[in-house]
Amino acid sequence: MTTIARATDTLTRDALAVLQPGFTGTTAPDWLLRRLGEGLASVALFGRNVRTPEQVAALTARLRAEREDVLVAIDEEGGDVTRLEVRTGSSFPGNLALGAVDDVGLTRAVAAELGRRLAECGVNFNWAPSADVNSNPDNPVIGVRSFGSGTDLVARHTAAYVTGLQSSGVAACTKHFPGHGDTAVDSHHAVPRIDVDAAVLAERDLVPFRAAIAAGSRAVMSAHILVPALDPDRPATLSRRVLTDLLRGELGYDGLIVTDGIEMKAIAGTYGIERGTVLAIAAGADAICVGGGLSDEGTVRRLCDALVEAVRAGELSEERLADAADRVRALARWTASNRPDAGAGDTADGDVGLRAARRALRVTAAGEYTPVSEAPYVAALAPVANIAVGDETPWGIAAELTRLLPGTETGSFTGPDAGNEVLAAAGKRRIVAVVRDEHRHPWMGAALDTVLAARPDTIVVEMGVPRAEPRGSLHLATHGAARVCGRAAAEAVAGV
């Protein structure tokens with residue numbers, strides 16, 4: 001295999017420029033700093049790289065000491081998907097909560113404050129927002145990450161989010177093109193397929209992306225999904241018909257096109273990451289996201305080599321690679337020239353996330369509700385988290401209820417006998433049952449049946465997509481599992 005050429009080699013610099021790699025640890029490794037000097041233009045941060053805002057700021061400052069205009073990317077959607085607050089839960093509700101409120105001014109304000117906090121840490125590129133129309137209620141990976149199931153709703157909030165985020169100098173990356181909402185498979189594990197005709201796609205899934213483009217979204221992320229109406233052979237990330245003919249041509253988009261994680265099974269399991277990288281760039285992608293699962297220098301070397309070899313073998317034109325690298329550098333220049341002033345903190349709105357979560361709370365009482373005044377038992381009926389959300393981030397309302405009602409106890413339950421286990425664990429305490437996407441998990445619905453039959457005064461908190469009928473003495477739909485959503489629900493339970 002060819003090794004990476006000397007740092008002055010234009011082809012190698014272009015190949016490095018299109019990669020957005022991750023790394024391990026909370027300080028920048030020497031290999032990453034060295035690659036920045038050799039042409040690497042982007043670095044990706046994940047939860048494993050984050051300890052405190054101050055630590056992230058020091059980390060990004062070190063990166064900029066090597067390359068002043070480096071793109072520092074993160075997957076900070078807010079809500080269930082947070083990296084900056086991976087160990088505490090987000091200070092912002094996610095898209096579904098914002099869509100439930102349906103106040104575009106609020107969505108803009110939330111995105112602006114989130115962007116301000118990212119910029120304060122030195123992060124200037126956010127892989128958000130999700131513009132997917134959640135048209136399939138059984139979608140295992142989008143769900144509360146979508147603003148909702150209505151096309152126009154999603155479009156107007158996507159545009160508001162893009163505008164708010166970029167007002168802070170952080171580039172938005174609208175995802176997952178051409179729309180991941182009508183899938184029943186998680187592309188982290190396999191290739192999802194959307195079997196609808198082109199007219200449905202145009203009227204439903206593409207509308208929010210048109211809105212994002214009109215709002216000036218600096219980047220768009222491709223989805224690893226097969227849409228036969230657009231390309232029967234290749235997933236969108238690897239499809240020239242989707243990325244070049246549709247996104248660039250028909251939609252007139254001229255910004256950066258980024259792939260979803262190239263190591264996700266939808267690509268890696270079918271094409272391999274090297275071949276997938278070459279095909280993505282050839283199809284029209286400009287940057288390769290990698291590092292969620294593979295985060296070592298060897299991965300960077302392999303992908304850089306694959307691109308260089310593909311050009312030398314005539315499989316990828318040198319002009320296409322150069323164009324992709326130029327688009328990455330252009331975005332880097334935009335972020336460098338749009339850094340917030342030192343006094344930008346004067347515009348901080350630290351409570352906007354909590355205000356939004358409170359407004360998103362939907363309360364359904366079976367009768368006259370008397371707030372809980374004694375420490376209850378919180379039973380979390382916990383499904384397995386999808387990879388995008390991860391299992392590091394705490395969720396639920398137990399911590400917030402403990403703050404309001406000291407002595408609150410909690411437990412996590414799953415499986416066919418969860419209902420009886422909850423009853424045994426709770427004893428005589430009032431039960432607060434916390435669920436997530438009850439409609440997608442038959443065992444969860446059965447557990448609630450068992451608990452409510454024995455304890456009809458049980459309070460039910462739905463922290464996923466609220467599709468099941470409200471039940472319990474009090475039913476709270478939070479539209480997401482962010483920390484602030486838990487706090488809003490806890491306040492309602494305790495009547496504060």
Side-chain angles (χ1 to χ4, degrees), residues 4-23 28 31-45 60-74 118-119 122-127 162 165-166 168-175 213 216-222 237 243-244 247-248 253-259 262 277-278 280-291 300-301 303-308 310-311 316-340:
I4 289 181
R6 56 195 171 87
T8 54
D9 178 69
T10 300
L11 184 57
T12 298
R13 294 188 72 84
D14 286 349
L16 282 170
V18 303
L19 303 180
Q20 294 190 339
F23 61 96
W31 69 262
L32 186 67
L33 299 174
R34 186 173 68 255
R35 295 299 180 192
L36 288 172
E38 294 173 352
L40 189 68
S42 308
V43 174
L45 301 184
T60 58
R62 182 68 186 91
L63 296 173
R64 289 201 168 85
E66 293 298 324
R67 181 178 181 130
E68 187 177 0
D69 66 348
V70 63
L71 285 172
V72 181
I74 201 167
L118 289 175
V123 177
N124 56 11
F125 186 25
N126 191 10
W127 294 320
V162 167
L165 183 66
Q166 293 188 165
S168 67
V170 175
C173 182
T174 305
K175 61 189 184 186
I213 291 168
S217 184
R218 292 285 162 175
V220 168
M221 177 176 281
S222 67
T237 291
L243 300 187
T244 298
L247 182 53
R248 290 265 186 244
Y253 180 63
D254 195 40
L256 190 77
I257 300 176
V258 186
T259 71
I262 205 72
T277 292
V278 170
I281 298 295
D286 305 306
I288 305 296
C289 168
V290 63
V300 173
R301 183 183 298 112
L303 298 188
C304 183
D305 284 350
L307 290 166
V308 170
V311 170
L316 173 66
S317 77
E318 189 168 357
E319 293 75 18
R320 170 78 273 272
L321 180 60
D323 173 63
D326 285 345
R327 289 181 187 275
V328 173
R329 296 177 190 123
L331 181 58
R333 288 193 298 273
W334 180 86
T335 59
S337 64
N338 282 274
R339 288 181 197 162

For the [atom1] atom of [X] and the [atom2] atom of [Y], what is their distance to the nearest 0.5 Å?
X      : Y      : atom1 : atom2 : answer
Trp31  : Leu36  : CH2   : CG    : 9.0 Å
Ser222 : Ile262 : OG    : CD1   : 7.5 Å
Arg301 : Arg35  : CZ    : CZ    : 5.5 Å
Leu243 : Thr237 : CG    : OG1   : 6.5 Å
Leu165 : Cys173 : CG    : SG    : 10.5 Å
Asp14  : Asp326 : CG    : CG    : 6.5 Å

Listed partners of Asp323 passing side chain to side chain contact (heavy atoms under 4.5 Å, CB included), at least two apart: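 Partners of Asp323 under the side chain to side chain contact (heavy atoms under 4.5 Å, CB included) test: Asp286, Arg320, Arg327.
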message: Among Leu331, Val123, Leu63, exactly one meets side-chain contact (heavy atoms from CB on, under 4.5 Å) together with Leu71. Which residue is that?
response: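 With Leu71 as partner, Leu331, Val123, Leu63 yield a single side-chain contact (heavy atoms from CB on, under 4.5 Å), made by Leu331.
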Specify the closest pair of heavy atoms between [X] and [Y], including all atoms of both residues, with the distance to one decimal.
X      : Y      : value
Asn124 : Val70  : ND2-O, 3.2 Å
Val18  : Ala324 : CG1-CB, 3.8 Å
Ala17  : Arg329 : CB-NH2, 3.8 Å
Val308 : Ala15  : CG2-CB, 4.0 Å
Val258 : Cys289 : CG1-CB, 4.3 Å
Val328 : Ala41  : CG1-CB, 3.8 Å

Side chains of [X] and [Y] in contact at under 4.5 Å (non-hydrogen atoms):
X      : Y      : answer
Leu40  : Leu32  : yes
Ile257 : Arg248 : yes
Thr12  : Glu38  : no
Phe125 : Leu256 : yes
Thr277 : Thr259 : no
Arg62  : Thr60  : no
Arg218 : Asn126 : no

query: Checking side chain to side chain contact (heavy atoms under 4.5 Å, CB included) for the pair Val300/Leu16: CA distance, chi angles, key distance, verdict?
result: CA-CA 8 Å; Val300 173; Leu16 282 170; 3.8 Å; yes
Verdict with reasoning, Val43 to Glu66, per side chain to side chain contact (heavy atoms under 4.5 Å, CB included): CA-CA 12 Å; Val43 174; Glu66 293 298 324; over 6 Å; no
query: side chain to side chain donor-acceptor pair (under 3.5 Å) with Arg333: which residues, sequence neighbours excluded?
result: none
query: Has the side chain of Gln20 got a donor or acceptor atom that lies under 3.5 Å from a matching backbone atom of Ala44?
result: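 Here the side-chain-to-backbone pair does not exist.
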